[in-house]
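Working notes for the structure below.
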Amino acid sequence: MHAVPHAAPPFVARVERVTARDLPYSWRRGCPVPPSALRRIRLAYWGLDGRRHLGDLVVRDRVSGEVTTVFRILYHARFPIRRLEPVDRYRGSDDASMAADNTSGFNCRAAVAPGVRRWSEHAYGEAIDVNPVENPYLEGARVLPPAGAAFVNRTPRRGMAVPGGTLVRAFASVGWSWGGRWTGSRDYQHFSRSGR
């Protein structure tokens with residue numbers, strides 16, 4: 001008798017409205033988009049532990065379909081993600097979220113990049129940072145998060161964004177750009193609709 005291989009559970013994604021109460025640390029008055037223009041996507045993903053998980057990602061309502069498509073592609077390719085939680089679980093701290101290797105979307109904050117202070121694309125809910133430890137942000141000698149220093153050498157490993165790799169291709173399939181292609185400060189974790 002031969003063992004029948006078990007099929008992987010299907011990909012699931014559920015898009016839900018959010019309120020200011022759902023975003024106690026990531027949203028405040030004066031942010032460029034109101035909570036009514038944001039959505040929480042509860043979706044399935046494969047962890048770096050090789051197991052299936054459910055996580056939450058908050059994004060702009062108008063990109064929720066694109067984001068669902070990207071994560072469906074990643075799920076079917078079994079691309080591993082460490083964790084997927086709204087940045088509110090980290091009291092809105094981008095540094096704490098990155099240190100936890102958390103994949104996140106919306107966070108009403110300024111851009112980290114040097115130059116004139118402006119809203120980050122995360123403040124519009126149209127950017128996602130994926131596996132920040134494996135895909136650090138580099139600004140000169142500065143590496144964010146600091147644990148990402150082990151991944152500055154971009155030799156492909158599990159969970160990394162690399163040119164032509166699964167993660168970069170999945171976002172490109174919906175027209176999103178990758179911060180790993182930026183000149184100057186490279187942001188390997190960053191994907192955005194606008195390319196900023």
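Contact between Pro80 and Gly47 at its shortest, heavy atoms only, is CB-O, 3.7 Å. The shortest heavy-atom contact between Val143 and Gly148 is CG1-C, 3.7 Å. Between Ala37 and Arg60, the shortest heavy-atom contact is O-CD, 3.3 Å. A pairwise comparison of heavy atoms in Pro32 and Cys108 identifies CD-SG, 3.9 Å as the closest pair.
No donor-acceptor contact under 3.5 angstrom links the side chains of Tyr25 and Arg89, judged on distance only. Looking only at atom types and distance, the side chain of Thr155 has a donor-acceptor partner in the side chain of Asn153 under 3.5 Å away. Asn135 and Arg154 are linked by a side-chain donor-acceptor pair at a separation below 3.5 angstrom, with hydrogens and angles left out of the test. A donor-acceptor contact closer than 3.5 angstrom is absent between the side chains of His122 and Asn107. Asp129 and Ser104 form no side-chain donor-acceptor contact under 3.5 Å, judged by distance and modelled atom types alone. The closest side-chain donor-acceptor pair between Tyr188 and Glu134, if any, does not fall under 3.5 angstrom.
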inquiry  = Before you tell me yes or no, could you show the steps for Asp94 and Arg109 under salt bridge (charged side-chain N to carboxylate O under 4.0 Å, His left out), namely the whole-Å CA-CA distance, both residues' side-chain angles and the distance that decides it to 0.1 Å?
reply    = CA-CA 9 Å; Asp94 189 46; Arg109 63 173 176 81; 3.6 Å; yes
query = Does the pair Arg169 and Leu167 meet the rule for a side-chain contact (heavy atoms from CB on, under 4.5 Å), with working shown?
reply = CA-CA 5 Å; Arg169 285 193 330 267; Leu167 182 59; over 6 Å; no
request  = Using the side-chain contact (heavy atoms from CB on, under 4.5 Å) rule, take Asp101 and Asn131 through it: C-alpha gap first, then chi angles, then the decisive distance, then the call.
outcome  = CA-CA 5 Å; Asp101 206 12; Asn131 292 344; 3.9 Å; yes
inquiry  = Working note: Thr166 + Leu74, criterion side-chain contact (heavy atoms from CB on, under 4.5 Å); need CA distance, chi angles, decisive distance, verdict.
reply    = CA-CA 7 Å; Thr166 301; Leu74 296 176; 4.0 Å; yes
request  = Just do the side-chain contact (heavy atoms from CB on, under 4.5 Å) check on Tyr90 and Asp95 with the steps written out, would you?
outcome  = CA-CA 9 Å; Tyr90 304 90; Asp95 288 336; over 6 Å; no
task = Please report the C-alpha distance between Arg52 and Tyr45 in whole Å, then the side-chain angles of each, then the deciding distance to 0.1 Å, and finally whether the side chain to side chain donor-acceptor pair (under 3.5 Å) criterion is met.
result = CA-CA 6 Å; Arg52 182 181 186 267; Tyr45 68 97; over 6 Å; no
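Two residues are said to be in side-chain contact when any heavy atoms from C-beta on lie closer than 4.5 Å; Arg158 and Leu48 meet this criterion. When side chains are defined from C-beta on, Ile41 does not count as touching Asp56, because their heavy atoms never get closer than 4.5 Å. The side-chain heavy atoms of Val59 and Leu57, taken from C-beta on, include a pair separated by under 4.5 Å. Looking only at side-chain heavy atoms (C-beta outward), Arg181 and Val168 come within less than 4.5 Å of each other. Annotation: side chain of Ile128 is in contact with side chain of Phe71 (closest heavy-atom distance under 4.5 Å). Two residues are said to be in side-chain contact when any heavy atoms from C-beta on lie closer than 4.5 Å; Glu121 and Arg193 fail this criterion. Contact check for Glu126 versus Arg62: side-chain heavy atoms found under the 4.5 Å cut-off. Residues Val133 and Pro145 have side chains in contact (heavy-atom distance under 4.5 Å, counting atoms from C-beta outward).
In this structure, the side chain of Ser97 does not engage the main chain of Ser93 through any donor-acceptor pair within 3.5 Å.
By the 30° and 60° cut-offs, the orientation of the rings of Trp178 relative to Phe191 is parallel.
Val70 and Phe79 fall within the same hydrophobic cluster, defined by Ile, Leu, Val, Met, Phe, Trp and Tyr side-chain heavy atoms under 4.5 Å apart, directly or through other members. Under the 4.5 Å side-chain heavy-atom criterion for grouping Ile, Leu, Val, Met, Phe, Trp and Tyr, Phe11 is connected to Ile81 within one hydrophobic cluster. In this structure, Val15 is a member of the same hydrophobic cluster as Tyr75, with clusters built from ILVMFWY side-chain heavy atoms closer than 4.5 Å.
For CZ of Arg42, the number of neighbouring non-hydrogen atoms (other residues, nucleotides, ligands) closer than 6.0 Å is greater than 12. Atom CZ of Arg21 sits in a sparse spot, with 12 or fewer heavy atoms from other residues, nucleotides or ligands closer than 6.0 Å.
Counting Ile, Leu, Val, Met, Phe, Trp and Tyr side chains that sit under 4.5 Å apart, directly or through other members, Phe106 shares a hydrophobic cluster with Val18, Leu23, Trp27, Val33, Leu38, Val58, Trp119, Tyr124.
Cation-pi geometry between Arg78 and Trp46 is met: under 6.0 angstrom from the ring centre, within 45 degrees of the axis.
With rounding to the nearest 0.5 Å, the separation of OG in Ser173 from CD in Glu66 is 9.5 Å. Rounding to the nearest 0.5 Å gives a distance of 6.5 Å between CG of Asn102 and CZ of Arg83. Atom-to-atom distance recorded for Thr68:OG1 and Arg39:CZ is 12.0 Å, nearest 0.5 angstrom.
A ring-ring contact (aromatic ring centres under 6.0 Å, His included) with His190 is found for one member of Phe171, Trp182, Tyr137 and no other, namely Trp182.
Partners of Arg14 by salt bridge (Lys or Arg N to Asp or Glu O under 4.0 Å), not counting sequence neighbours, listed by chain and number: Glu16.
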